[in-house]
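Taking it in order: structure first as C-alpha cells, then the write-up.
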Amino acid sequence: MSGSGYSVSGSFGGAMSGGYGGGYDTGAAGSGSAPASAAAGDLIKDTTTQTFMQDVMEASMQTPVLVDFWAPWCGPCKQLTPVLESVVTEAGGAVRLVKMNIEEFPEIAGQMGIQSIPAVVAFKQGQPVDAFMGAQPESQIKSFIERLGVKIGPSDTQVMLEQAEAARAAGDVTQAAQAYAGVLSMDSDNVKAIAGLTQCFVAADELDRAKQTLEMTPEDKRDDQDYIAALKAIELAEQAGQVDDLADLRARIEANPADHQARFDYAIGLNARGEKQEAVDQLIEIMRRDREWNEDGARQQLLQFFEAWGFKDPAATYGRRKLSSILFA
C-alpha cells in the first residue's frame with residue numbers, strides 16, 4: 001500500500017489531506033464502543049493492518065469494497081456506520097463494507113494521508129477509486145456506491161414481501177401465503193412475513209395454524225406493529241366465532257335500535273366478513289346513542305379494529321374520522 005505512493009488528497013480533495021499524525025478532526029467527539037455490524041459473514045466485517053490486504057485489496061478484485069475509517073470516540077462515525085451498513089446490506093452483495101478502527105490500527109490511515117474521520121474510501125480492482133468524509137445521508141451514500149457501477153435495488157426478500165402484500169390486498173390468500181413462506185425460508189425471524197402468514201391463516205379460518213405461526217415471532221420483536229396487528233386479528237376472529245347468525249342480529253337491531261349488544265355483535269360479524277366500514281358505522285352508532293355503554297366498549301372495540309387492520313388501512317382512516325366526529329362534537 002505504502003509503495004503505491006497513493007495520496008487521498010491528490011485524488012479526492014483537500015478535506016482528507018495531510019500526513020498522519022497529530023490526531024483526527026471529527027467535528028465532534030463522543031465516547032462509546034465500536035459501532036456494531038448489521039450483517040454477518042463477509043458482506044460487512046472489521047479489518048486489521050494484517051488482514052487489510054486480503055479483506056480489501058484482494059476482495060475488491062471481485063467486488064467493490066468500501067473502507068470505513070472510524071474510531072470509538074468519533075461521534076459522527078456512530079451516525080455514519082449504521083447507514084453504511086444498511087445501504088450495503090440493501091445492495092445484496094454487490095458491494096462490501098470493511099471497517100477499520102484507526103485507534104487500534106493507525107498504519108493504513110497514515111499511509112493514505114487521512115486526517116479527518118469518518119472517512120470512507122472505495123476500492124475496485126485493488127485500487128482506491130473514490131472517497132468521501134463526514135457523516136452523509138443515505139441518499140448520498142447510495143449515489144456514491146452507484147458511481148462505482150453498483151445498482152442498488154430492493155432485495156429478494158423485499159420483492160417477495162411486496163408481492164405477498166399485494167396478493168393479500170387482492171384477496172389471493174394462497175398466493176400471499178406462499179410468498180410469505182418464501183421470505184421465511186430466507187429470513188426465519190422476519191416479523192412482517194410471520195405476521196402476514198398469520199393473517200393468511202386467519203383469513204382461511206385456520207386459527208390454530210395462525211397461532212402457531214405467530215409464536216415464531218422472536219420475543220424481542222413482539223412490540224412490532226405487524227405482530228400486534230396479527231395478534232388482534234386472531235382475537236377478532238375468535239370473537240367472530242362466538243357471534244350468532246348475522247340475519248338474526250340484524251333483525252334484533254331493527255326491532256330494537258337500543259339493543260347495543262346485538263349491534264356490537266353485529267359489528268364483530270361484519271368485520272369477520274370484511275365489511276369493515278359497516279362495522280365501524282355500527283360501533284359509532286352505539287357511541288352516538290350511549291357513549292358509556294359497557295364501559296366504553298364500542299370505542300375500545302374500534303381501537304382493536306384499527307390495530308388489527310393497520311393504521312394505514314382505508315377503513316381505519318374512515319373509522320378514525322368518524323370517531324373524531326363523535327368525540328369532539
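Quick note: numbers below take in every heavy atom, side chains included, and nothing from hydrogens, waters or symmetry partners.
- Formation of a donor-acceptor pair under 3.5 Å by the Glu58 side chain with backbone atoms of Met53 is not found in this model.
- Salt-bridge formation is not detected for the pair Lys211/Glu215: no Lys NZ or Arg NE/NH1/NH2 atom is positioned less than 4.0 Å from an Asp or Glu carboxylate oxygen.
- Of the charged side-chain nitrogens involved, none lies within less than 4.0 Å of a carboxylate oxygen, so that Lys322 and Glu285 do not count as a salt-bridged pair.
- Not one N or O on the side chain of Ser188 forms a donor-acceptor pair closer than 3.5 Å with the backbone of Leu184.
- With no hydrogens or angles considered, a side-chain donor-acceptor pair links Gln261 and Asp265 at under 3.5 Å.
- The closest donor-acceptor contact from the side chain of Arg291 to the backbone of Leu327 lies at 3.5 Å or more, if one exists at all.
- Once rounded to the nearest 0.5 Å, the distance linking CD of Gln199 with CD of Glu165 reads 9.0 Å.
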Problem - Stepwise side chain to side chain contact (heavy atoms under 4.5 Å, CB included) check, Ile108 with Gln111 - result: CA-CA 5 Å; Ile108 299 296; Gln111 292 168 4; 3.9 Å; yes
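- Side chains of Gln282 and Glu278: a donor on one and an acceptor on the other come within 3.5 Å.
- Scanning all heavy atoms of the two residues, the minimum distance from Val183 to Met160 falls at N-SD, 3.5 Å.
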Practice task
Given side chain to side chain contact (heavy atoms under 4.5 Å, CB included), test Glu85 with Thr81 step by step and report yes or no.
Solution key: CA-CA 6 Å; Glu85 292 179 337; Thr81 300; 3.8 Å; yes
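- Considering CG of Leu97 and CG of Leu84, their distance stands at 5.5 Å, rounded to 0.5 Å.
- In this structure, Thr217 contributes its side chain and Leu214 its backbone to a donor-acceptor pair below 3.5 Å.
- Here CD1 of Ile326 is found 6.5 Å from CE of Met287. Values are rounded to the nearest 0.5 Å.
- In this structure, Gln304 and Leu236 have side chains that are in contact, with non-hydrogen atoms separated by less than 4.5 Å.
- Applying the ring-ring contact (aromatic ring centres under 6.0 Å, His included) test to Phe144 and every residue at least two apart in sequence or in another chain returns Phe132.
- Put simply, Tyr266 and Tyr318 are part of the same group of oily side chains (I, L, V, M, F, W, Y) that touch within less than 4.5 Å, one to the next.
- Atom CD of Gln125 has more than 12 neighbouring heavy atoms from other residues, nucleotides or ligands inside a 6.0 Å radius.
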Exercise for the section: Just do the side chain to side chain donor-acceptor pair (under 3.5 Å) check on Trp70 and Glu103 with the steps written out, would you? Expected result: CA-CA 8 Å; Trp70 69 282; Glu103 187 171 82; over 6 Å; no
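- The CZ atom of Arg273 sits 14.0 Å away from the CD1 atom of Ile268 when rounded to the nearest 0.5 Å.
- Looking only at side-chain heavy atoms (C-beta outward), Pro257 and Arg289 come within less than 4.5 Å of each other.
- With hydrogens and angles ignored, the 3.5 Å screen pairs no side-chain donor or acceptor of Ser86 with any backbone N or O of Val83.
- The structure places NE2 of His260 at 10.5 Å from CG of Asn294, a figure rounded to the nearest 0.5 Å.
- Considering all non-hydrogen atoms of both residues, Gln127 and Ser60 come closest at N-OG, 4.4 Å.
- Here the shortest heavy-atom pairing between Leu283 and Ala298 reads O-CB, 3.7 Å.
- Surrounding NZ of Lys192 are at most 12 heavy atoms belonging to other residues, nucleotides or ligands under 6.0 Å away.
- Under the 4.5 Å side-chain criterion, counting only non-hydrogen atoms from C-beta, Lys45 is in contact with Asp55.
- Remark: the Gln301 side chain and the Gln239 side chain contain an N/O donor-acceptor pair separated by less than 3.5 Å.
- Closest of all the heavy-atom pairs between Thr63 and Ala94 is CG2-O, 3.3 Å.
- Defined by atom type and a distance below 3.5 Å, a donor-acceptor pair is present between the side-chain atoms of Thr51 and Thr48.
- Ring pair Phe52/Phe123 is perpendicular by interplanar angle, where above 60° counts as perpendicular and below 30° as parallel.
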Practice task
Verify side chain to side chain contact (heavy atoms under 4.5 Å, CB included) between Leu270 and Asp281, making sure each step is shown before the conclusion.
Solution key: CA-CA 10 Å; Leu270 287 169; Asp281 290 339; over 6 Å; no
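- By the 4.5 Å heavy-atom criterion applied to side chains, Val98 and Ile44 are not counted as neighbours.
- Just one of Asp130, Val95, Val56 meets the side-chain contact (heavy atoms from CB on, under 4.5 Å) condition when paired with Leu66; it is Val95.
- Nearest heavy atoms, Arg96 versus Ala59: NH1-CB, 4.1 Å.
- Between Leu207 and Phe201, every side-chain heavy-atom pair lies at or beyond the 4.5 Å cut-off.
- A salt bridge (charged side-chain N to carboxylate O under 4.0 Å, His left out) check over residues 295-305, counting only residues at least two apart or in different chains, returns the pairs Asp296-Arg299.
- Under the 4.5 Å side-chain heavy-atom criterion for grouping Ile, Leu, Val, Met, Phe, Trp and Tyr, Met186 is connected to Met216 within one hydrophobic cluster.
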Practice task
Go through the steps for Thr47 and Lys99 under the test side chain to side chain contact (heavy atoms under 4.5 Å, CB included), then give the verdict.
Solution key: CA-CA 6 Å; Thr47 193; Lys99 299 181 292 183; over 6 Å; no
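- Nearest heavy atoms, Trp293 versus Ile286: CE3-CG2, 3.8 Å.
- Proximity of a side-chain donor or acceptor of Lys124 to a complementary backbone N or O of Leu148 within less than 3.5 Å is detected.
- Residues passing the ring-ring contact (aromatic ring centres under 6.0 Å, His included) test with Phe305, sequence neighbours excluded: Trp309.
- Separation of atoms CD1 (Ile102) and CE (Met112) is listed at 13.5 Å; rounding is to 0.5 Å.
- Residues Arg168 and Tyr180 have side chains that bring a donor and an acceptor to within less than 3.5 angstrom of each other.
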